[in-house]
Asks: 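Pasting a structure below so you can have a look.
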Amino acid sequence: MLAERADRREHLLRDVFLQDIYAIPGGEKIKECIQCGTCSASCPTSYAMDYTPREVIAAFRAGLLDRVLKSNTIWLCASCYYCTVRCPSGIKLTDIMYELKRLAIEFDLAQEGAKAPVVSKLFVDNVNKNGRVSEAGLVSKFLLKTNPLGILKMVPRAIKLLIRGRMQLIPHRIEGIAEVEKCLAAAASLGLHPGPSEE
Amino acid sequence: MVEKIGVYICHCGTNIARTVDCKAVAGYALGLPNVVVARDYLYTCSDPGQEMIKNDIRESGLTRVVVASCSPLMHETTFRRAVADAGLNPFLFQMANIREQCSWISENRELATTRAKAIVGAAVMRVEFNEPLEVQKVPMNPNVLIVGGGIAGIEAALQIADSGKRVYLVEKEPTIGGYMARFDKTFPTLDCAACILTPKMVSVGQHPNIELLSYSDVTDFSGYVGNFTARIRRRPRYVDEEKCTGCGQCEQKCPLSVLSEFDCGLGKRKAIYRPFPQAVPSTPVIDREHCLFFTKGVCRVCEKFCPRGAINFEQKERFIDVQVGSAIIATGFDLFDASRVKEYGYGKFPNVITSLEFERLTHASGPTVGKIVLKNGRTPESVAVVHCVGSRDNNYNEYCSRVCCMYSLKIAHLVREKTDAKVYEFYIDMRAAGKGYEEFYKRLLREDVTFSRGRVAEITDVAQNSSENGKLIVVAEDTLLSIVKRIPVDMVILSVGLEARRDALQVAHIFRISRSKDGFFLEKHPKLAPVSTAGDGIFIAGSCQGPKDIPDSVAQGAAAAANVLSLIDRKEVELEPTIALIDEDSCSGCKICIGLCPYNAISFDEPSGHAVITGALCKGCGVCVAACPSGAIEQQNFTNRQLTAEVEAICA
Amino acid sequence: MVIGLSTRFEPKIVGFLCRWCAYTGADLAGTSRIKYPPNVTPIRVNCSGRVDPTFVLKALASGADGVLIAGCHPGDCHYTSGNVKTIRRFKLLQRMLNQFGVEKERVRLEWVSASEGERYARIVESMTKEIRSLGPLEWKTKVEA
Amino acid sequence: MNKAYDRSARLVSRLLNIDLAELDDWNCCGASAYISIHELKAHLLSARNLSIAEKKKKDLVVVCPACFTTLSKTNHYLAEDRKFRRTISTALKSANLEYWGGVKVRHLLDVIVKDIGENEVKSRVKRKLSGLRVAPYYGCQLTRPFGEVDDTQFPMMLDTLLSWIGAQPVSFPLKAKCCGGLLMMTSEEVALGLNKNLLDCAAQNGAECIATICPLCHMNIETYQGDVNKRFGTNFHIPALYFTQLMGLAFGFSRKELGIDEEMVSSRVALEKYLEAAS
């Protein structure tokens with residue numbers, strides 16, 4: 001039973017993953033991975049990852065996507081695009097990492113205590129509400145959620161930044177926020193995933 | 001007379017029958033005007049298939065035949081011959097291609113069958129207007145042009161010359177020998193390249209049937225199979241090949257040293273030089289760019305010391321025309337420019353070198369007399385060999401260069417043999433398909449080379465700890481362990497891939513050869529005609545067709561030679577009679593066609609006031625036919641009537 | 001008759017392919033089992049320069065919805081420059097078709113080398129799609145009327 | 001965005017006659033943190049900005065490489081993918097917006113180096129930063145993934161610009177490596193390590209300061225320098241300055257105008273001697 005359910009979820013994950021990846025121009029290149037490891041060795045953070053970027057594709061091939069989604073790998077991607085520009089098969093690894101992050105959030109698979117999804121969600125809320133990000137708001141909310149004590153540690157730095165005029169306390173809301181809201185609502189109605197090119 | 005047409009629909013096993021309803025197409029054909037026989041058959045090109053057609057011709061008195069099967073490039077000749085065997089003129093046969101351009105491109109049986117009917121219909125309507133034609137036969141000139149004096153060209157030249165035919169061997173460089181002359185050892189046997197190559201080079205130089213035209217290139221190639229004319233540019237050596245004995249006095253006395261191209265700039269040569277001591281011909285050349293006489297108007301030392309008076313500063317570039325019946329193009333390859341992979345630091349880090357530079361380093365008569373040393377003269381304590389540089393990479397060349405895995409193993413072996421260095425091989429996949437190759441790989445595994453599976457991501461000199469200080473750090477994932485390794489080494493050897501020569505496009509234009517997507521020359525058929533090209537009488541051999549190792553290049557050289565000799569033995573060649581003809585009565589004498597003909601085959605006959613086509617010069621492009629405002633020109637087997645019939649049948 | 005086929009308009013396209021490049025390229029598409037719509041029926045000629053504009057008009061007038069002329073890339077012509085002559089001729093032809101009110105998408109001149117099977121397939125595909133959206137040519141009612 | 005960058009970029013641009021007008025009511029571009037929640041929405045945020053710029057018939061100049069990449073990516077996808085184009089325009093339409101793909105996205109550095117050029121920049125220099133050894137730091141997203149601006153791994157643009165204003169760009173092999181800024185809040189340990197590598201490399205090559213082109217890199221390198229020192233027992237003191245601040249100095253603006261004394265790793269020592277020597 002359990003195995004069956006896991007199997008079903010893997011299928012679902014795989015379907016959504018492929019649909020989204022193929023929607024990226026050149027996304028189908030993921031099929032051409034030759035497992036050479038250029039991505040892993042180009043990655044500045046792979047040493048800290050549970051699975052190297054190369055293994056992410058290997059896991060996808062082996063039908064073990066959910067293992068990757070639960071790992072710390074995707075949250076350590078710093079979007080530096082080194083893997084993407086060096087990949088000899090033209091695979092857009094960074095975009096794949098973004099997609100995996102989205103999947104992990106959507107299917108609620110992110111590791112317990114992983115901070116990155118929290119930041120991303122706060123960031124999105126912030127932007128959706130104001131159209132822009134307020135750094136101070138973001139940081140303080142983040143710390144409240146993940147590490148309330150950390151706020152105390154941050155105070156001296158924040159004060160320094162404030163004194164130097166480098167931090168804005170009151171968030172600015174853009175005038176066209178209604179416009180933004182309409183666009184985003186329309187996007188939601190158009191489906192979460194852009195879907196593959198037809199024809 | 002009413003024509004009797006026979007139509008044969010081939011199943012080609014399931015190749016056609018899987019997507020085309022062959023029975024239905026045959027049924028459809030039988031309903032077409034003048035079709036008296038229509039059959040479908042499993043393999044029409046087989047003996048029984050051909051017999052069936054012959055029988056029908058004899059017994060049903062067929063006057064026209066249509067076979068719907070594969071591309072005419074595959075079997076047109078086969079069926080023409082069969083038809084001729086049964087007494088019908090071969091040009092009364094028409095082929096319809098329902099495989100390559102029909103059954104293989106579609107999954108939809110209905111659409112493919114409809115399409116097949118259209119194709120067959122067009123052929124049936126056209127064949128009605130086919131006319132009996134006579135194949136033109138012209139004598140085959142037995143002389144052969146070979147372009148490129150690497151191992152493939154050398155092999156071809158010797159095979160042909162040994163059979164008593166005359167060979168013109170054109171080589172761009174001052175000496176023949178190609179890349180092989182620059183290698184130290186050859187894999188997997190580790191025999192010395194020079195030991196097996198130089199005897200062949202000497203044979204070429206001495207062969208009475210080979211005219212070696214080195215330091216030369218072909219600038220124009222015209223004519224048709226059996227009768228080509230090659231224009232060859234002979235660059236001035238400033239040394240008389242007839243007088244020179246190759247004693248080498250001039251080289252010794254020349255006061256000016258420059259970097260040697262043959263040694264990849266690692267060693268020096270003189271301004272008058274032979275690329276290497278065993279060069280063939282042994283006549284040196286003067287490098288005009290550097291020679292003090294040419295640059296400053298002084299010196300002439302070589303002239304003074306030449307015991308034979310062979311130096312001639314007055315030599316000029318000259319052109320010669322040679323008549324040949326066939327040609328073999330064996331122009332070889334270029335090495336991938338390693339500096340394009342910026343993250344490998346070639347050109348930036350002195351001790352990152354290419355595999356060819358390593359060959360020169362380890363070569364007994366190379367710049368270091370065979371010592372493997374760093375730029376500072378010290379012997380390396382650790383060496384990394386990096387596979388797939390520029391190969392298997394969408395950013396550069398997508399294909400596998402085929403030879404690098406094996407030569408990389410050879411490099412590892414030589415380093416292990418000559419130094420105490422630790423050797424690392426970074427590979428993606430070990431490709432050791434070849435006789436004795438896998439065994440060679442095993443041997444290297446036994447020789448304690450460290451193999452690391454994973455492509456190198458970068459080579460850097462930014463140290464992260466003291467063990468990396470002053471070293472080149474090779475960064476790669478060990479994909480078998482999923483660990484990213486940083487390996488500090490003294491020397492990195494980049495196993496650069498092979499690519500089409502920079503001048504391949506130019507050569508392709510001169511010889512009218514097509515090129516494949518990767519820029520290499522395109523063979524007529526990848527499996528069945530690997531050394532032929534689309535142009536009759538023009539063959540290719542060696543790495544100009546795609547990366548090859550020495551055994552394969554030699555095999556191709558010999559194969560091309562066999563093709564050429566078989567052509568020559570026929571004594572005459574048949575030319576397609578698809579030439580243009582002018583109907584003198586309709587010609588208005590407007591002369592439009594004359595300027596259009598690329599072969600100067602059309603002239604104007606003043607007395608009669610109309611244009612005349614010289615059949616032997618016409619190649620049958622049909623440009624004049626389409627251009628003639630009075631419709632006075634027709635192309636045999638591509639008449640307006642025939643083509644219009646096809647158009648009408650398709651559109652009906 | 002197959003139900004379903006009749007609902008979608010399948011354009012009829014005549015293809016003039018030069019034997020050295022385009023025809024060989026089209027063969028390669030087949031050998032590589034690349035799939036594309038079977039709407040172009042090929043006629044093999046030695047050179048695209050053989051294609052008399054009247055063939056094109058004849059095809060359109062006889063019921064074709066489009067015509068594809070495909071030859072070697074400029075500079076690659078087996079007959080040195082036949083395709084250059086095709087270019088010139090094609091420009092005149094386009095002007096003429098324009099006057100007749102024939103959409104320019106219906107008649108195309110394309111270069112396909114012997115190694116460009118994929119390219120040939122994509123050309124046929126896009127051409128079929130374009131003409132399908134234009135609908136049938138109906139020369140008799142549109143042009144001759 | 002950081003005020004010092006904002007102010008110095010405006011000052012320098014005005015002097016070079018680059019007609020910069022702040023995009024009316026711009027919104028967040030939808031960069032990395034956003035795109036990892038919802039890709040399409042991120043592109044829509046980006047598209048709204050592009051649409052506003054298009055209405056004004058202007059190119060969109062940004063000073064943040066992450067914005068640059070996100071906006072460029074939207075442009076690329078719009079050009080390459082018909083379905084994507086349709087989806088975006090439908091969503092934009094619901095807010096009475098439209099975008100036809102006609103806006104060029106540029107980074108200010110690229111505009112200054114390629115459009116304004118050597119002569120113009122040099123002619124504005126009032127005090128050459130002669131001898132100031134600067135590590136030119138590009139970070140990731142100016143040249144990756146598209147590589148349209150400069151080499152994806154070894155860009156030279158900033159080196160060139162620094163030499164125009166008299167400074168001496170030092171060899172800086174890690175110039176386009178990741179600083180870890182994006183991870184500072186979420187994986188501090190990893191981020192500090194990357195930061196340390198950069199500082200190490202700059203120090204090894206004798207840099208007196210690091211020139212930056214990205215607000216996030218900038219913030220990371222200098223605000224967390226103390227944390228790096230604490231964590232690794234190092235003693236780095238390498239101020240980071242925006243390239244526009246360095247230009248501004250060379251063009252004769254005051255430190256105050258350029259917000260130079262606002263940084264947490266003081267640049268006073270590094271700059272003093274050159275400025276005094278120059279004046």
Side-chain angles (χ1 to χ4, degrees), chain A residues 24-62 64-65 67-68 70-74 76-78 80-97 199, chain B residues 336 338 340-345 384 386-401 404-405 424-431 451-460 462 464-465 472-488 492 494-497:
Chain A
I24 303 169
E28 69 290 342
K29 291 271 183 200
I30 190 174
K31 290 182 181 174
E32 295 179 20
C33 173
I34 57 172
Q35 289 287 303
C36 69
T38 302
C39 46
S40 311
S42 300
C43 178
T45 62
S46 61
Y47 72 92
M49 290 174 173
D50 297 337
Y51 300 103
T52 64
R54 177 192 55 81
E55 286 182 296
V56 168
I57 296 184
F60 151 68
R61 282 183 176 168
L64 297 170
L65 254 189
R67 183 185 288 212
V68 167
K70 287 175 187 159
S71 74
N72 74 354
T73 295
I74 48 184
L76 279 169
C77 170
C80 80
Y81 288 98
Y82 254 108
C83 48
T84 301
V85 299
R86 283 181 181 167
C87 175
S89 296
I91 301 168
K92 297 180 173 174
L93 255 299
T94 310
D95 290 352
I96 289 175
M97 290 294 180
E199 290 154 352
Chain B
F336 175 77
R340 290 175 63 197
V341 189
K342 292 218 172 76
E343 59 267 37
Y344 287 174
V386 178
H387 288 224
C388 298
V389 179
S391 309
R392 302 187 66 195
D393 192 329
N394 284 12
N395 301 307
Y396 310 104
N397 295 315
E398 201 183 338
Y399 53 83
C400 162
S401 288
C404 323
C405 277
Y424 301 87
E425 287 261 343
F426 293 93
Y427 67 102
I428 307 176
D429 296 295
M430 189 58 73
R431 296 191 166 166
F451 286 86
S452 181
R453 194 204 167 278
R455 183 176 168 277
V456 170
E458 66 179 35
I459 295 160
T460 173
V462 181
Q464 284 185 358
N465 55 55
L472 293 162
I473 303 120
V474 181
V475 187
E477 181 183 15
D478 185 323
T479 58
L480 302 176
L481 291 171
S482 303
I483 296 170
V484 176
K485 286 185 185 160
R486 290 173 60 91
I487 308 281
V492 177
L494 302 178
S495 296
V496 285

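Bear in mind the structure is a predicted one, so any value in this text is a computation, not a measurement. Reminder, nothing fancy here: chain letters follow the sequence lines and each chain counts from 1.
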Asks: Please flag which part of A:Ser46 lies under 4.5 Å from any non-hydrogen atom of chain B: side chain, backbone, both or neither.
Replies: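 Interface part for A:Ser46: side chain.
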Asks: Just how far is it from atom SG of A:Cys87 to atom CG of B:Asp393, taken to the nearest 0.5 Å?
Replies: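 CG of B:Asp393 is found 8.0 Å from SG of A:Cys87.
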Asks: Within this structure, what is the CZ-OG distance for the pair B:Arg455 and A:Ser42, rounded to the nearest 0.5 Å?
Replies: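 So the gap between those two atoms works out to 7.5 Å.
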Asks: side-chain hydrogen bond (donor to acceptor under 3.5 Å, both in side chains) with B:Arg486: which residues, sequence neighbours excluded?
Replies: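 Applying side-chain hydrogen bond (donor to acceptor under 3.5 Å, both in side chains) to B:Arg486 gives B:Glu468.
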Asks: Report the distance from atom NZ of A:Lys29 to atom CG of B:Asn394, rounding to the nearest 0.5 Å.
Replies: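 A:Lys29 NZ to B:Asn394 CG: 5.0 Å, rounded to 0.5 Å.
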Asks: Roughly how far, to the nearest 0.5 Å, is the CD1 atom of A:Ile34 from the SG atom of B:Cys400?
Replies: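 One gets 10.0 Å once the value is rounded to the nearest 0.5 Å.
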Asks: Kindly compute the distance separating CD (A:Gln35) from CZ (B:Arg453), expressed to the nearest 0.5 Å.
Replies: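 Here the interatomic distance stands at 7.0 Å.
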Asks: Determine the sole option in B:Val484, B:Asp478, B:Ile483 for which the side chain to side chain contact (heavy atoms under 4.5 Å, CB included) test with A:Ser40 is passed.
Replies: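 Answer after filtering B:Val484, B:Asp478, B:Ile483: B:Val484.
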Asks: I'd like to know whether B:Glu477 forms a side-chain contact (heavy atoms from CB on, under 4.5 Å) with A:Cys39, so could you lay out the CA-CA distance, the side-chain angles of the two residues, the decisive distance to 0.1 Å, and finally the verdict.
Replies: CA-CA 9 Å; B:Glu477 181 183 15; A:Cys39 46; 5.5 Å; no
